[in-house]
Amino acid sequence: MEIRKFRINVRSLELASRVRSICEQYASLSPSIGDERLSSYVEKAKKLADEVILLSDCDKCVSTLAQKDKERCRSLLGVFAAADFYSLAPLVRENEAVKAICAVLGKYGRNVIHLNYTMKTGKISSLLLDLRSPSLSPVVSSLYGLEECISALEAAEADFEAESKSLVEAKAALVGKARTTEAKGALLSFVNRNVIEYLSFMLHNKEQKYEQFASIVALEVDKANALVLLRKKKGEKAVENLF
């Protein structure tokens, strides 16, 4: 039996999930194998895989936070658009309610969307407090559609702040740890050079008690490598379609 090594361009989460699967399946086989060195290798591999997954989750939070920010910017512009509708309508633009809303929005302006996350959060929170003040409540109610726009902004801001909190917590758990690419490299190198080479050596020496676990490792590696090759083929076809 030949155990191939993980390809270097395997994706971080794919590698980590395959290694986690290997480690979990090893737990039931460990007593029958009875190899302390292999057990220590598997334990170290699991720790490295867990770190990659944690770092990847943090990267995902960063990406999700950017998306949540776009959503709250769209909602903020929606409030301005609703006010613009009334301020530009000849029959109602002189209405006191319209003037009151435009005055509040004028204090902040659309340029809020270009501020950094922290300043934007402060401005939007302040704007929402102004729009929800008791004196403006009847004004908001009198302008059809404005309430819905403000509620949408409140929901989008709450979503952003919740995601921001998750990111802060994720980063706190990663203090002193490597970046995702570095952690992936450490995991890839360790598994290929220790777990797989050790198993290959034992199989070469006809140690039958390792065969079942070696089959599990070989299958997980082949699954990960197959995805790498599939993406490569798709990429080649995409390039061919350009000509």
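Model, not experiment: these values are computed from the prediction.
Electrostatic pairing of Lys46 and Glu24 does not count as a salt bridge here, judged by no charged N lying under 4.0 Å from a carboxylate O. Under the 4.0 Å criterion applied to side-chain N and carboxylate O atoms, Arg72 and Glu157 are assigned as salt-bridge partners. Taking a cutoff of 4.0 Å between a charged side-chain nitrogen and a carboxylate oxygen, Glu197 and Lys5 qualify as a salt bridge. A salt bridge links Glu14 with Arg231: the distance from a Lys NZ or Arg NE/NH1/NH2 to an Asp or Glu carboxylate oxygen falls below 4.0 Å.
Side-chain contact between Lys184 and Arg11: absent, with no pair of heavy atoms (C-beta onward) separated by less than 4.5 Å. Taking the side chain as every heavy atom from C-beta outward, Ile101 and Val79 never approach each other to under 4.5 Å. Residues Glu207 and Phe201 fail the side-chain proximity criterion, which asks for heavy atoms closer than 4.5 Å. Put simply, the side chain of Glu161 reaches to within 4.5 Å of the side chain of Ser125, judged on heavy atoms. Using a 4.5 Å cut-off on side-chain heavy atoms (C-beta onward), Val52 and Leu15 make no contact. Residues Leu65 and Ser164 are in side-chain contact: their nearest non-hydrogen atoms beyond the backbone lie under 4.5 Å apart. Between Leu48 and Lys44 there is a side-chain heavy-atom pair separated by less than 4.5 Å. A 4.5 Å side-chain heavy-atom check between Asp50 and Lys47 finds every atom pair outside the cut-off.
Atom CG of Leu131 and atom OG of Ser137 lie 11.0 Å apart (nearest 0.5 Å). One finds the OH atom of Tyr198 at 11.0 Å from the CG atom of Leu203 (value rounded to the nearest 0.5 Å). Summarising the geometry, atom CG belonging to Asn225 is positioned 12.0 Å from atom NZ belonging to Lys232; distances are rounded to the nearest 0.5 Å. With rounding to the nearest 0.5 Å, the separation of CG in Leu115 from OG1 in Thr121 is 10.0 Å. To the nearest 0.5 Å, atom OH of residue Tyr41 and atom SG of residue Cys23 are 14.0 Å apart. Here Tyr26 contributes atom OH and Leu38 contributes atom CG; the two are 4.0 Å apart, rounded to the nearest 0.5 Å.
The cluster map of Ile, Leu, Val, Met, Phe, Trp and Tyr, joined by side-chain heavy atoms under 4.5 Å apart, puts Leu219 and Ile3 in different clusters. A single hydrophobic cluster is not seen to contain both Leu227 and Val217; linkage of ILVMFWY side chains at heavy-atom distances under 4.5 Å, directly or through other members, places them apart. Tracing side-chain contacts under 4.5 Å through hydrophobic residues (I, L, V, M, F, W, Y), one never reaches Leu13 starting from Leu54; they form parts of separate clusters. Ile22 and Ile53 sit in two unconnected hydrophobic clusters of ILVMFWY residues. Membership requires side-chain heavy atoms under 4.5 Å apart, directly or through other members.
Minimum interatomic distance between Leu146 and Ala82 (heavy atoms only, all atoms of both residues): CD1-CB, 4.0 Å. For Ala224 against Val10, the heavy-atom pair with the smallest separation is CB-CG2, 4.1 Å. Between Arg7 and Leu188 the shortest heavy-atom distance is O-CD1, 3.8 Å. The nearest pair of heavy atoms linking Cys102 to Ala83 is SG-O, 4.4 Å. Closest approach of Glu2 and Ala218 over heavy atoms only: O-CB, 4.4 Å. The minimum heavy-atom distance linking Val19 with Ala45 is given by the pair CG1-O, 3.8 Å.
Each of Asp35, Leu29, Asn205 was scored for a side chain to side chain contact (heavy atoms under 4.5 Å, CB included) with Tyr210, with one residue passing: Asp35.
The closest donor-acceptor contact from the side chain of Ser30 to the backbone of Ala27 lies at 3.5 Å or more, if one exists at all. In this structure a side-chain-to-backbone donor-acceptor pair under 3.5 Å is missing from Ser126 to Gly122. For the pair Ser133 (side chain) and Leu129 (backbone), a donor-acceptor distance under 3.5 Å is absent. Judged by distance alone, with hydrogens and angles left aside, the side-chain atoms of Ser200 form a donor-acceptor pair with the main-chain N or O of Ile196 at under 3.5 Å. At least one donor-acceptor pair closer than 3.5 Å links the side chain of Ser28 to the backbone N or O of Gln25. With hydrogens and angles disregarded, a donor-acceptor distance shorter than 3.5 Å links the side chain of Ser215 to the backbone of Glu211. Using a distance-only test at 3.5 Å, with no hydrogens or angles considered, a donor-acceptor pair links the side chain of Ser40 to the main chain of Arg37. Without hydrogens or angle criteria, Ser87 side chain to Asp84 main chain gives a donor-acceptor distance under 3.5 Å. Counting only distance, with no hydrogens or angles, the side chain of Tyr86 and the backbone of Tyr144 share a donor-acceptor pair below 3.5 Å. With hydrogens and angles disregarded, no donor-acceptor distance shorter than 3.5 Å links the side chain of Asp69 to the backbone of Lys120.
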Pair Leu127-Leu105, side chain to side chain contact (heavy atoms under 4.5 Å, CB included): steps then yes or no: CA-CA 8 Å; Leu127 171 61; Leu105 294 177; 3.8 Å; yes
Derivation of the side chain to side chain contact (heavy atoms under 4.5 Å, CB included) call for Tyr108 and Asp130: CA-CA 11 Å; Tyr108 300 92; Asp130 286 349; 2.5 Å; yes
Test side chain to side chain contact (heavy atoms under 4.5 Å, CB included) applied to Arg132 and Ile150, step by step: CA-CA 9 Å; Arg132 290 306 191 190; Ile150 295 173; 3.6 Å; yes
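Environment of CZ in Arg110: crowded, with over 12 heavy atoms of neighbouring residues, nucleotides or ligands closer than 6.0 Å. In Lys209, the NZ atom is crowded: over 12 heavy atoms of neighbouring residues, nucleotides or ligands sit closer than 6.0 Å. Residue Gln67 qualifies as enclosed at atom CD: its count of foreign heavy atoms under 6.0 Å is above 12. A 6.0 Å sphere centred on NE2 of His204 holds no more than 12 heavy atoms belonging to other residues, nucleotides or ligands.
Between Ser75 and Glu71, the side chains place no donor N or O within less than 3.5 Å of an acceptor N or O (distance only, hydrogens not considered).
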